[in-house]
Amino acid sequence: MSSFEKVKKFLEEVKDENIHFKKHFHDKTKERPISEGLVKNSLKKTDRLLKVEEQPSRREGEEKYKLWLKLSNRYSLV
């Protein structure tokens, strides 16, 4: 199974209460017009998933990915 398909399946099954945001996210919301609700809703719309890039993780056994989600014809959420 490709990383794209693996992440898509995970997003389809994850519950909202299991999505947590780090301090970095909250710092960025002060600079950009994004919110937790926007991100959670976008993550659930897996048909808008454009690209998945696997990234190195500092923790053993952890999988980390960078996602691109289409918000509109002009904007993507990374």
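Put simply, CD1 on Ile19 and CG on Leu11 are 7.5 Å apart, with the number rounded to the nearest 0.5 Å. Here Lys51 contributes atom NZ and Leu49 contributes atom CG; the two are 11.5 Å apart, rounded to the nearest 0.5 Å.
Note on residues 25-47: pairs passing ring-ring contact (aromatic ring centres under 6.0 Å, His included), not counting sequence neighbours, are Phe21-Phe25. Residue pairs meeting the salt bridge (charged side-chain N to carboxylate O under 4.0 Å, His left out) criterion with at least one member in residues 64-78: none, sequence neighbours excluded. The salt bridge (charged side-chain N to carboxylate O under 4.0 Å, His left out) pairs that include a residue from residues 12-31 are Lys9-Glu13, Lys23-Asp27, Lys28-Glu31, where partners are two or more places apart or lie in different chains. For residues 59-78, the set of pairs meeting the ring-ring contact (aromatic ring centres under 6.0 Å, His included) definition, not counting sequence neighbours, is empty.
Within 6.0 Å of CG in Asp47 there are more than 12 heavy atoms belonging to other residues, nucleotides or ligands.
Remark: the backbone N or O of Val14 is not paired with any side-chain donor or acceptor of Asn18 at under 3.5 angstrom.
With sequence neighbours left out, the side chain to side chain donor-acceptor pair (under 3.5 Å) criterion links Glu60 to no other residue. For Ser2, the side chain to side chain contact (heavy atoms under 4.5 Å, CB included) criterion is met by Phe4, Glu5, not counting sequence neighbours. Applying the side chain to side chain donor-acceptor pair (under 3.5 Å) test to Gln55 and every residue at least two apart in sequence or in another chain returns nothing. By the salt bridge (charged side-chain N to carboxylate O under 4.0 Å, His left out) test, Glu63 pairs with Lys6, sequence neighbours left out. Residues that satisfy the side chain to side chain donor-acceptor pair (under 3.5 Å) test with Ser57, not counting sequence neighbours, are Glu62. For Lys40, there are no side chain to side chain donor-acceptor pair (under 3.5 Å) partners at least two apart in sequence or on another chain.
Contact check for Val78 versus Leu67: no side-chain heavy atoms found under the 4.5 Å cut-off.
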Practice prompt. Might you work through the side chain to side chain contact (heavy atoms under 4.5 Å, CB included) test for Ser42 and Leu71, ending with a clear yes or no?
Written response: CA-CA 8 Å; Ser42 297; Leu71 292 180; 3.4 Å; yes
Practice prompt. Begin with the C-alpha distance, continue with both residues' side-chain angles, and end with the deciding distance and a verdict on side chain to side chain contact (heavy atoms under 4.5 Å, CB included) for Ser76 and Leu69.
Written response: CA-CA 5 Å; Ser76 293; Leu69 300 149; over 6 Å; no
Fill in: Evaluation steps, side chain to side chain contact (heavy atoms under 4.5 Å, CB included), between Leu77 and Leu43
CA-CA 10 Å; Leu77 182 64; Leu43 288 172; over 6 Å; no
